[in-house]
Each structure stands twice: as C-alpha cells, then as structure tokens.
Amino acid sequence: MKKTTRNILLLVMVLLVAGIYYYVALPAINIHSVGFWMALGLLIAFVTILYAITQLRKQSSQNVVPIKSAEKALKEMKGVRIGFALFVLTLLIFAAGNLLSSPIINADKYQKLMDVKESDFTEDIQQTNYNTIPLLDKDSAELLGNRKMGSMVDMVSQFEVGSDYTQINYNDTPVRVTPLVYANEIKWLTNQKAGIPAYIRIDMATQNTECVKLEQTIKYSKAEYFNRNIYRHLRFRYPTYIFDDQIFFEIDDEGTPYWVCPVKKFNIGLFGGQTVGNVVLCNAVTGECTDYPVDKVPNWIDKVYSAELLTKLYNYYGIYKHGFFNSILGQKDCLKATNGYNYIALDDDVWVYTGVTSVSGDQSNVGFVLMNQRTMETKYYKIEGAIEDSAMSSAEGQVQNLGYQATFPLLLNISDQPTYFMALKDGAGLVKKYAMVNVQKYQWVAIGDTVKECEKAYVTLLSTNGIADVKSDHSVYETMTGKITAIAPVVVEGNTHYYVALENKEKIFDVDLSDTKLIGIIRYREGDMIEMVYSPEEDEVQSVLEIK
C-alpha cells in the first residue's frame, strides 16, 4: 500500500512540474519545435533523477546499500539506465536533426525556398504620390505615439504605448498601429478586468496621431499575464502549432484590432527551411481565432512574413546559388541583402524594400528587391548604384553643419529615376528636413524643408544634369492656365519670388526665381495669359515648377 501511495505521489509531482513548465514555457507539441525537444529532455532527466533519489532512499532505509556504494547502486538500477539512454537518444536526435536540416547538406533546397522574378522598375513603381508613402520611420512614430499618450490625461497614469508599431495600409494610407499596455503589474491588477481601452494610429504621410478609443476593449494582448496573454491563448487553442516569434497587431478596414499570428512551416528536415504555412487571426477583443492557409488570408491583412524572415530567405537565394562551400570559399555570384530595409505601399500591400550587394562588402548595389509581406512574392530590379549607407552619408554631408542623421531610405520613382528618399532628423529624433539622392549618381543630392521643396530641388538637379525635365503628366503635378489678374515680386529669405493670381482662381502661385528656368516670369504683366505646371499644396499658395 505504501508503494502504491508513493508511486501516485511521484506521478502527481511529475505531472505538476510538467504542467507548470508547459504553462510558463509554452512549448509546441511538435517534433519540428526546438522547444519540444528541450522540454522532452528536461522531463526525462527530471523523472530519472527523481526515480534514482527515491530508490536510493528506499534501499538506504532498508540498509541494503551502504553510502559508499551508492554510485554502484545507481549503475545497477535498470530504470536509471533506461532514463539515461532515453536522454542521450533525445540529444542525438536533436543533434542529427540540426545537422540534416542545415544548409551544409541542403544548400540547393534552401536556395529554392524563395521564387525571385526579375522585373522592370518604371513599370512596377509608378510616379510617386506622397499621400501613400511613409515619411517617418518607426523611431519617429514612437516619439509621436508617446507624445500623444502624454496628452491623454484620463489614461496616461494607467497605460503606456506598446512597442509594436506595425506598419500597414489602412484605407490606402500608410499607418502604424500599436496597442496600449498596462503601465506596470499593479496597473494590470486594477485594470485587467476592464481591458485595454484604446490603440494608437499614426498616419505616416501626414504625421497625424490618433488615440482610437474602443467601445469593446482589448482583452487579449502581450501585456496580459495569465490565460488572456495572447501567446498562452494561442498555445491552448493550437497545442501543435509552432508560432513565429513575431506576431503582428493590425486593424481591419473598420478599425477592429486583431493579432495576426504566422505559423511556422519547416520545409527541410526537422528544423530547416522555415517559411509560413498557416496564419491564425485572433480578434484582440473577443479572443475568437480563425485559422487560414497562408494563401487564403484576407486581403486586408498586410503582414504575414516578417521583414527579417523575408530578408533571410532572399539571402539563402542569393548566397547558395552554387552550393554551400562556394558561399564560404569561392563566393562566385554570391549576393546578399544590405544591412537595412524599409517599407513601400504598392497595390494595397506592404512590400519590404532592401538593396542587393555582393558578399565581398563593397559599397555598391547591383540591384534591389521588393518582397510582399502577405504573399512572399519577390521582385528583383537590376539597377546598379550606391549602397544605402553611402546615400545616407551623402545626404548627411549636405547638412553636416547641423548634425542631422538620415533614416534608412525608401526607394521612389522620381521622373523615371530610381531615387533614395530619406528624412533627416536632429539629435532629439525630430524630422527637420528631407533628402533625395539619385541611386546611380549618389553625389546628386537635393535637400528641402518639406517633401515638395525637396522634390522640386531634385527635379531641377536632374534637369540641370540633362537627366530629366519636369513632366506635367506627373501624378503629383497639375497644369493651370488662365489670365493674370495680379503679379507682384516678394523677397522671401533673401530670394525673389513672384506671386501670381489668375482670373476666377482662388489659388496664389509662387514662382521662385532662384530656379533659373522660371526667370521668364518677369516678362508677364497683368492681363497676359499664362500656363504653369505646379505642385499641389493643401494651403492657398502653390509652388510653380515650370512655365509653359
């Protein structure tokens, strides 16, 4: 009877320890999970040690085994030998799985994980509409989010802004969204019943920052500690799924918050060739989960593949073209992504942009790639030019007296020219100016206090060097024709401008004579007809780029 009771107590202890470990560590019950093999090894070791201690105590109480021969007794215990053998077998399987899944043996399979198609830059990337490109990076978005939170006096003492800041397309506008989180454990204890009341939404084109208050609060998030913690909620619903380390906070077209949770798929051996096989969509308010195959996710979802995963897959494609050992020794035709990335909105999807350079570490790009974060579609553009770091240094050199730092650039199409666009920030992280740098001629740099000023200076620079003329059919330019009703010279910051008013037109047109192509405005008088190309502005004054 005592033996039975002891065995039951041991079983209860094992189950209790295993349950606590599972609740805290959340390993997937899946042979492709590293956490599964770690948990299995620890469980075998714990049971074996517990069994050995129990047997030694039993034999010692019966005076069967002297203390000096305890080591010998352990060797003679069949259960200990079996436990040790299982532990070693687990380690061997784990080690063999890592080796057989590695690029050393499977370089060709790794190289084929991503399908890359060469494409045409001017056809795929249309002339830029500045209402659809993000002018801020994540760091600047965080500053805006924290500043907005500081103004919310009813919530700032209880909540903080989360660190997600997921970039998505929301109603054809690039925005970053992030939930609020509890300020600390005490604030969680007093607020968790009610839930998280809002999230932050930042328009990356206009810098408009909004704290969106919810009628139904967020109950499932990374800020929860127990069953409503999003990772624990997912694990209990899907015990065999291996979720990606990054899950994404997104909102649908109605503004409802969701967690987009990619499920890892291993295509090579036990642990190799990671892509995404499924996506679990979890409603952050209700906790309701829907499982989608990766090719069936709703179109409003923007992030399925993380930028880091896409960059890793492209590196496999570029480095292992001629096998593993060539990537280490000869390195023939080996290419890799550059050391940064940014996001571009195309066709209502978010694409990751990064340059492509040689593994030798030179300071030039042989091209660049765009990678779709929803579908993994990848396009390669063969355009040689400066590496992003060189372009950033070139832009910083134009304002070196101010000490501004450049953000990682976006790639834009300006007058059919691939162009790096970046913000220039001061030491406090605030955007002060904008810069455009020609990809192929990175010494051609234009700086402006606003995006429109920057583009105007850049197009003038291109025209001066015989590369491009101002195009009236540009997506962000318009043409205006009319009779001059008033024309007057004005000096602005040491430069002469002519302000022109047209008949029956409310807008005032600003002709900057520092641009020598516009010097002809001095020949015009009231009553003359004029045709002008201008850059539309939200205010009343419009910047003229060309006089027909």
Side-chain angles (χ1 to χ4, degrees), residues 131 134-233 246-260 282-287 302-303 343 405 407 423 425-432 449-450 538-539:
N131 293 324
L135 305 181
L136 304 173
D137 60 2
K138 183 178 179 181
D139 292 340
S140 297
E142 288 178 345
L143 288 175
L144 292 175
N146 291 332
R147 185 183 303 165
K148 183 65 177 181
M149 191 65 208
S151 67
M152 306 298 292
V153 294
D154 57 330
M155 291 187 287
V156 69
S157 65
Q158 302 297 311
F159 299 94
E160 296 175 348
V161 184
S163 60
D164 295 81
Y165 287 97
T166 310
Q167 181 161 320
I168 62 172
N169 284 341
Y170 177 68
N171 295 332
D172 296 324
T173 302
V175 302
R176 284 189 184 266
V177 288
T178 189
L180 303 186
V181 298
Y182 305 106
N184 54 44
E185 292 80 0
I186 301 300
K187 304 301 172 58
W188 167 81
L189 189 62
T190 56
N191 290 283
Q192 61 88 24
K193 184 176 181 180
I196 296 172
Y199 61 83
I200 298 291
R201 183 175 66 212
I202 302 172
D203 188 318
M204 300 299 284
T206 65
Q207 303 187 31
N208 180 51
T209 305
E210 184 178 2
C211 182
V212 181
K213 295 183 179 180
L214 299 165
E215 293 183 4
Q216 294 180 293
T217 59
I218 295 173
K219 296 293 180 62
Y220 296 84
S221 72
K222 299 175 184 178
E224 295 290 343
Y225 288 95
F226 295 110
N227 287 5
R228 283 184 1 204
N229 178 276
I230 182 61
Y231 295 105
R232 193 163 288 115
H233 179 67
Q246 293 190 49
I247 63 174
F248 307 107
F249 181 81
E250 291 199 33
I251 56 175
D252 65 10
D253 294 335
E254 286 72 43
T256 304
Y258 285 88
W259 293 102
V260 180
C282 178
N283 187 307
V285 174
T286 65
D302 289 313
K303 296 181 87 85
Y343 302 99
Q405 298 294 311
T407 61
K425 302 195 296 185
D426 62 14
L430 301 176
V431 175
K432 293 298 186 181
D449 291 331
T450 67
E538 293 183 359
D539 55 18

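In what follows, every heavy atom counts, from backbone to side chain, and hydrogens, waters and symmetry copies are set aside.
Across all non-hydrogen atoms, the minimal contact from G429 to S140 is O-OG, 3.8 Å. Of all heavy-atom pairs between V181 and I196, the closest is CA-CD1, 4.3 Å. L214 approaches Y199 most closely through the heavy-atom pair CD2-CE2, 3.6 Å. When every heavy atom of I218 is checked against every heavy atom of P257, the shortest pair comes out as CG1-CG, 4.0 Å. Nearest heavy atom pair, residue Y258 against residue T256, reads CD1-O, 3.3 Å. Contact record, D252 with Y170: O-CE1, 3.3 Å, taken as the closest heavy-atom pair.
Residues forming a side-chain contact (heavy atoms from CB on, under 4.5 Å) with R147 (at least two apart in sequence, or on another chain): L144, L430.
At least one donor-acceptor pair under 3.5 Å links the side chain of D426 to the backbone N or O of A428. Formation of a donor-acceptor pair under 3.5 Å by the R201 side chain with backbone atoms of I251 is not found in this model.
Here Q216 contributes atom CD and T286 contributes atom OG1; the two are 8.0 Å apart, rounded to the nearest 0.5 Å. One distance of note links NZ of K138 with OG of S163; it measures 6.0 Å at 0.5 Å rounding. Q207 CD to L136 CG: the interatomic distance, rounded to the nearest 0.5 Å, is 4.5 Å. Separation of atoms OH (Y220) and CG (N229) is listed at 11.5 Å; rounding is to 0.5 Å. Between atom OH of residue Y165 and atom CG of residue D137 there is a gap of 12.0 Å, rounded to the nearest 0.5 Å.
Looking at heavy atoms from C-beta onward, N191 lies in side-chain contact with F159 at the 4.5 angstrom threshold. Between L180 and Q158 the shortest side-chain heavy-atom distance does not fall below 4.5 Å. The shortest distance between side-chain heavy atoms of F248 and D302 does not fall below 4.5 Å.
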Original post:
Would L135 and V431 satisfy side chain to side chain contact (heavy atoms under 4.5 Å, CB included), going step by step from the backbone distance to the final call?
Top reply: CA-CA 9 Å; L135 305 181; V431 175; over 6 Å; no
**OP:** For the pair E224 and H233, evaluate side chain to side chain contact (heavy atoms under 4.5 Å, CB included) and give the outcome as yes or no after the intermediate values.
**Re:** CA-CA 10 Å; E224 295 290 343; H233 179 67; over 6 Å; no
**OP:** Start with the C-alpha distance between I202 and M204, add both sets of side-chain angles, then the distance that settles side chain to side chain contact (heavy atoms under 4.5 Å, CB included), and finish with yes or no.
**Re:** CA-CA 6 Å; I202 302 172; M204 300 299 284; 4.1 Å; yes
Original post:
What's the verdict on side chain to side chain contact (heavy atoms under 4.5 Å, CB included) for I200 and C211, showing C-alpha distance, side-chain angles and the deciding distance?
Top reply: CA-CA 5 Å; I200 298 291; C211 182; 3.9 Å; yes
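With Q167 as reference, R176 is the one residue of R176, K303, E250 to meet the side-chain hydrogen bond (donor to acceptor under 3.5 Å, both in side chains) rule.
Listed by first then second residue, pairs satisfying salt bridge (Lys or Arg N to Asp or Glu O under 4.0 Å) with a partner in residues 178-191 number zero, not counting sequence neighbours.
A tilted orientation is assigned to the rings of W188 and F226, their planes being inclined by 30° to 60°. The aromatic rings of W259 and F249 sit perpendicular to each other, their planes meeting at more than 60°, with 30° as the lower class boundary.
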Donor-acceptor contacts, no H, no angles, side chain residues 148-157, under 3.5 Å, sequence neighbours left out:
residue	atom	partner	partner atom	Å
S151	OG	K148	O	2.6
D154	OD2	K213	NZ	3.1

